[in-house]
Colleague: 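Okay, handing you the structure first.
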Amino acid sequence: MAIHTVLVTGGAGYIGSHACVELLEAGFNVVVVDNLSNSNPESLARVQKLTGKSLAFYEVDIRDKQSLSDIFVKEMPDTVVHFAGLKAVGESCEQPHLYYHNNVFGTLVLTEVMQAHQVKQLVFSSSATVYGITDKTQYSEDLPIGAINPYGRSKAMVEDILRDLAEADKIAKPDKPWKIALLRYFNPIGAHESGLIGEDPNGTPNNLMPYVAQVAIGKLPQLSVFGDDYPTHDGTGIRDYIHVIDLVKGHIKAIHAFNNAHFVEGNCKAYNLGAGRGYSVLEIIKKFEEVTGKTINYKIAPRRPGDLAEYFANPELALQELNWKVEKTLHDMVADTWNWQSKNPQGYR
Ligand code: NAD
Ligand code: UD1
């Protein structure tokens, strides 16, 4: 089999660094483009240590068209996995321009460069956050899109742009049509089981799992549980948590699927990457205490604006068309989070 080269934007980040490990282990050449705006290059040093394989790294912003183009000329990738983006919902409400510029304009530049170099296989990091308000708790890919904040809308806009690109090729019928997988992540948590790489949030974490881990290690005094009066079995919010290793394996399955019937003539398809079941905030706390032997100091606080009571994935389509499903358990997710956090109390610093 010819060795394929995958260009990974945002490869120094949380999910991207785990993807680099899996891609290298699956035999791909890996080229990372990251501006390090939310990451530390130590993650890539550790990826190479962990795998015993090397990768190419360029500290470049994907909006820098000339530098990106030069990388395509030099490295000749055949596929791009696109993680680069900003992801904090609250910040996106305060600075929408920053989010649209980085996430939407960044993807426009990337796809222009890809098109110019006839690299037309793309895996995109989308999010369950693109789904609109619905009375359903289990989300299938055919639910209407209707994100409620600038971050979510930036993802929904990119999905639209990518669908339009693929559609244009269907009309023009080029020799090499776009093949695009829009992967809608539910709630990624956990870390590589080695404890060498993991999630290293800047400042105080916004998300539940890194917050709980920092309370457990004593960096933060107390967790606020945002609402205990939701219509769920224990009153706290329910989400579909997915181990980051299961998640990145979904990307490799998507790359392989570009050769199967669903993509052979060119296409742009969305897939949920989730477990298909949810856990409440209190269940997460309980599991964390059980696995680590630590007591998590928490208080019940008011609901966080914009939060929903409960949602989880219908992951059937990814099983049928990508041959992917989660393999790890909640115990694995918590144990691997704790292994990373306790071995790296200051993250990569
Ligand atoms: P992260 O911040 O750890 O990684 C993103 C990486 O992209 C960082 O290394 C950052 O430096 C880089 N980057 C940002 N803008 C860039 C630019 N213009 N040019 C080059 N590099 C740039 O985030 P993550 O959690 O690994 O998320 C990866 C992707 O998955 C993001 O697109 C995010 O929106 C999406 N996503 C994440 C989650 C989650 O919960 N973590 C959920 C759904 C979707
Ligand atoms: C959040 C983002 C979503 C993004 C996802 C990435 C919002 C409104 N949504 O989703 O766009 O794609 O992260 O993983 O920010 N919780 C607490 N205390 C905390 C933190 C969280 O009780 O300190 C609760 C929340 O209310 C929720 C659950 O824990 O019920 C999970 O929260 P979080 O990890 O922030 O993820 P989401 O809100 O699902």
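Values in this document were obtained by computation on a predicted structure and should not be read as measured data. As the structure lists them, so they are numbered: ligands from 1, and atoms in each ligand from 1.
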Colleague: I'd like to know if Arg163 and Asp160 make a salt bridge, using a cut-off of under 4.0 Å between side-chain N and carboxylate O.
Modeller: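 Looking at Arg163 and Asp160, the cut-off is met.
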Colleague: Taking the six-membered ring of Tyr241, is NZ or CZ of Arg239 closer than 6.0 Å to its centre and within 45° of its axis?
Modeller: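 Arg239 over Tyr241 ring: no.
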Colleague: Of all the heavy atoms in Gly152, does at least one lie under 4.0 Å from an atom in ligand 2?
Modeller: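 Under 4.0 Å: no for Gly152.
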Colleague: Report yes or no: is the cationic atom of Arg303 (NZ for Lys, CZ for Arg) under 6.0 Å from the centre of the six-membered ring of Tyr230, at an angle within 45° of the ring normal?
Modeller: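 Yes, cation above the ring, under 6.0 Å and within 45°.
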Colleague: Could you tell me which non-hydrogen atom of Gln222 sits nearest to which non-hydrogen atom of Val215, and how far apart they are?
Modeller: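 Looking at all heavy atoms of both residues, the shortest contact is C-CG2, 3.8 Å.
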Colleague: Could you tell me whether Leu223 and ligand 2 have an N or O pair separated by under 3.5 Å?
Modeller: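 In fact, backbone or side chain, Leu223 has no N or O that close.
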Colleague: Give the protein residues with at least one non-hydrogen atom closer than 4.0 Å to an atom of ligand 1, ordered by chain and number.
Modeller: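 For ligand 1, the contacting residues are Gly10, Ala12, Gly13, Tyr14, Ile15, Asp34, Asn35, Leu36, Ser37, Asn38, Ser39, Val60, Asp61, Ile62, Arg63, Phe83, Ala84, Gly85, Lys87, Asn102, Ser125, Ser126, Ser127, Tyr151, Lys155, Tyr185, Pro188.
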Colleague: So which heavy atom on Pro205 is nearest to which on Leu220, and how close?
Modeller: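 Answer, listing the atom of Pro205 first, then Leu220: CD-CD1, 4.0 Å.
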Colleague: Show the nearest heavy-atom pair for residues Asp234 and Ser280, with the distance to one decimal.
Modeller: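 Shortest heavy-atom separation between Asp234 and Ser280 comes out as OD2-OG, 2.6 Å.
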Colleague: Establish, from distance only, whether the side-chain atoms of Asp70 and Ser67 form a donor-acceptor pair under 3.5 Å.
Modeller: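 No, Ser67 and Asp70 have no side-chain donor paired with an acceptor closer than 3.5 Å.
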Colleague: Among all protein heavy atoms in this structure, tell me which lies nearest to atom 2 (C) of ligand 2, with the distance rounded to 0.1 Å.
Modeller: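 Nearest protein contact, heavy atoms only, for atom 2 (C) of ligand 2 is Val89 CG2, 3.7 Å.
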Colleague: Between the side chains of Glu42 and Arg46, is the shortest nitrogen-to-carboxylate-oxygen separation below 4.0 Å, so that they form an ion pair?
Modeller: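 Result for this pair is yes, salt bridge flagged.
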Colleague: Should Tyr211 be counted as touching ligand 2, given the test is an N or O pair under 3.5 Å?
Modeller: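 No - when backbone and side-chain N and O of Tyr211 are compared with those of ligand 2, no distance drops under 3.5 Å.
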Colleague: Short question: side chain of Glu199, backbone of Ile189 - any donor-acceptor pair under 3.5 Å?
Modeller: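 The answer is no, because no donor-acceptor pair under 3.5 Å joins these two groups.
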Colleague: Show the atoms of ligand 2 that are less than 4.0 angstrom away from any heavy atom in Asn206.
Modeller: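 Atoms satisfying the 4.0 Å criterion: 20 (C), 35 (O).
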Colleague: What do you reckon, are the aromatic ring centroids of Phe83 and His251 less than 6.0 Å apart?
Modeller: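 Distance test on ring centres: under 6.0 Å, yes.
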Colleague: Within ligand 2, which atoms have a heavy atom of Tyr311 less than 4.0 Å away?
Modeller: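 Listed by number with element, the hits are 39 (O).
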Colleague: Provide, to 0.1 Å, the distance between atom 35 (O) of ligand 2 and the closest protein heavy atom, together with that atom's residue and name.
Modeller: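 Heavy-atom neighbour on the protein nearest atom 35 (O) of ligand 2: Arg304 NH2, 2.8 Å.
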Colleague: Does any N or O atom in Tyr151 lie less than 3.5 angstrom from one in ligand 2, N or O only?
Modeller: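 No, since none of the N or O atoms of Tyr151 sits under 3.5 Å from an N or O of ligand 2.
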Colleague: Can a donor-acceptor pair be found, under 3.5 Å and without considering hydrogens, that links the side chain of Asp169 to the backbone of Ala166?
Modeller: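 No; zero donor-acceptor contacts below 3.5 Å.
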Colleague: Below 3.5 angstrom, do we get any N/O pair linking Asp307 and ligand 2?
Modeller: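 Among all N and O atoms of Asp307, at least one is under 3.5 Å from an N or O of ligand 2.
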Colleague: Give a yes/no on ligand 2: does Tyr241 have at least one heavy atom closer than 4.0 angstrom to it?
Modeller: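 Tyr241 counts as a contact of ligand 2 under the 4.0 Å cut-off.
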Colleague: Who gets closest to atom 19 (C) of ligand 2 by heavy atom: Phe186, Tyr298, Tyr279, Phe226?
Modeller: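 The residue whose heavy atom sits nearest atom 19 (C) of ligand 2 is Phe226.
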Colleague: Please identify which atoms of ligand 2 are closer than 4.0 Å to at least one heavy atom of Asn187.
Modeller: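 Going through ligand 2 atom by atom, the ones under 4.0 Å from Asn187 are 36 (O), 37 (P), 39 (O).
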Colleague: Does the side chain of His192 pick up a donor-acceptor pair with the side chain of Ser194 at under 3.5 Å?
Modeller: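 Yes.
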Colleague: What protein heavy atom is closest to atom 12 (O) of ligand 2, reported as residue, atom name and distance in Å?
Modeller: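 Protein heavy atom at minimum distance: Ser127 OG, 3.3 Å.
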